[in-house]
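Everything below concerns the one structure shown next.
Just follow the structure's listing: the first ligand is 1, and inside any ligand the first atom is 1.
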Amino acid sequence: MKIDFEAAVQFLRESDNFLLLTHRNPDGDAVGSLWALCRALRSIGKRVTFRLAGRVAENMLFAAEQPDDSFEPQCIVSVDLAEAHLLGEELFPVYGDRIDLNIDHHASNTFFAKKTLLNGNAAAAAVLVYQLYAPLGATLDKKAAEQLYIGVSTDTGCFRYHNTDADCLRTAAALVEAGVDNGEINRIIFETKSKAYVQFESLALNSMRMHFDGKCAVISLTQEMYAKTGVDESEIHMISALPRQIEGVLVGVTIKEKENGLCRVSLRTNEPVDASSIAKIFGGGGHKLAAGCDLNGGLRTATADLLKAIEATLKEYNLL
Ligand SMILES: [Mn+2]
């Protein structure tokens with residue numbers, strides 16, 4: 001059931017003993033909104049714990065909250081979660097059908113939770129969590145503001161992507177007023193790369209192939225590249241932005257080879273191509289210009305299947 005802000009605030013106020021969840025391999029918006037919601041609820045006297053599936057990027061840990069194992073959770077709230085199975089293989093079987101409230105900003109949201117607070121136009125889930133602070137009576141201290149800033153800035157590519165709207169800039173302004181050193185956080189998160197990552201990026205760029213008159217660029221990330229560079233999984237997501245940066249590219253694809261032939265795909269498109277409609281063909285989803293899906297059958301087969309779908313999509317738009 002879709003609910004509005006007022007109902008979400010009332011639900012959070014009336015509940016206690018929270019367990020917070022988000023999607024697997026949590027990105028900046030996932031952890032930023034989760035930590036900030038945790039902090040908001042604790043500031044109004046609630047007991048809150050959380051579970052994360054996968055490592056958090058080291059450069060965001062300065063803003064981390066700690067879980068609390070001292071109580072039995074009664075109310076399960078998720079953030080930034082478009083579909084229940086994105087909880088990951090460990091958490092999905094346990095909590096997939098038990099989420100009481102989901103706070104999300106994916107237009108592709110499947111309404112799997114008992115209650116859903118959704119704004120499919122919001123730039124980040126962190127914008128929604130920020131908007132809950134005042135009506136909840138929560139304390140927006142410097143650390144909470146940093147957590148929310150991590151969410152808003154990472155989901156907008158540091159305020160560069162098309163989803164950077166007035167609402168999210170107003171949110172960022174309020175967070176800076178609340179004490180965020182935005183220049184310093186931007187330096188830590190967007191301007192600092194590990195040496196392993198730089199080496200990995202050069203292998204990734206070497207793997208890039210162009211298709212369809214240069215309208216599609218594909219980067220393939222293999223297990224061998226991870227092993228060779230020792231890159232941290234949480235840094236790999238930065239690669240996804242690269243193919244779309246090339247002049248003339250409308251569909252930028254990054255294919256990550258996982259175990260047992262599973263391939264995890266990131267799609268980044270430029271107008272007018274809808275990334276989520278391509279992802280949907282393979283059971284995935286996301287936003288108009290940024291989406292993802294999983295394919296099986298190994299890198300070669302997955303790439304061929306994807307290219308077929310991208311070719312058909314480009315033809316639909318009369319771009320080919
Ligand atoms: Mn998000």
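With 2.8 Å as the limit, His105 counts as an N, O or S neighbour of the Mn ion (ligand 1). Metal site remark for the Mn ion (ligand 1): Asp155 contributes an N, O or S atom at a distance under 2.8 Å. When distances to the Mn ion (ligand 1) are checked against a cut-off of 2.8 Å, Asp104 contributes no N, O or S atom below that limit.
The N, O or S atom of Asp80 lying closest to the Mn ion (ligand 1) is OD1. If you look at Asp29 and ask which of its N, O or S atoms sits nearest the Mn ion (ligand 1), the answer is OD2.
Around NZ of Lys258, the count of heavy atoms belonging to other residues, nucleotides or ligands within 6.0 Å exceeds 12. A 6.0 Å sphere centred on CD of Glu224 holds no more than 12 heavy atoms belonging to other residues, nucleotides or ligands.
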Dump the intermediate steps for side chain to side chain donor-acceptor pair (under 3.5 Å) on Ser33 and Asp80, then the final yes or no. CA-CA 8 Å; Ser33 350; Asp80 201 33; 5.6 Å; no

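Note on ring orientation: taking the six-membered ring where Trp is involved, the planes of His106 and His287 are parallel (angle under 30°, cut-offs 30° and 60°).
When Asp16, Leu12, Asn17 are each tested for a side chain to side chain contact (heavy atoms under 4.5 Å, CB included) with Lys46, only one passes: Asp16.
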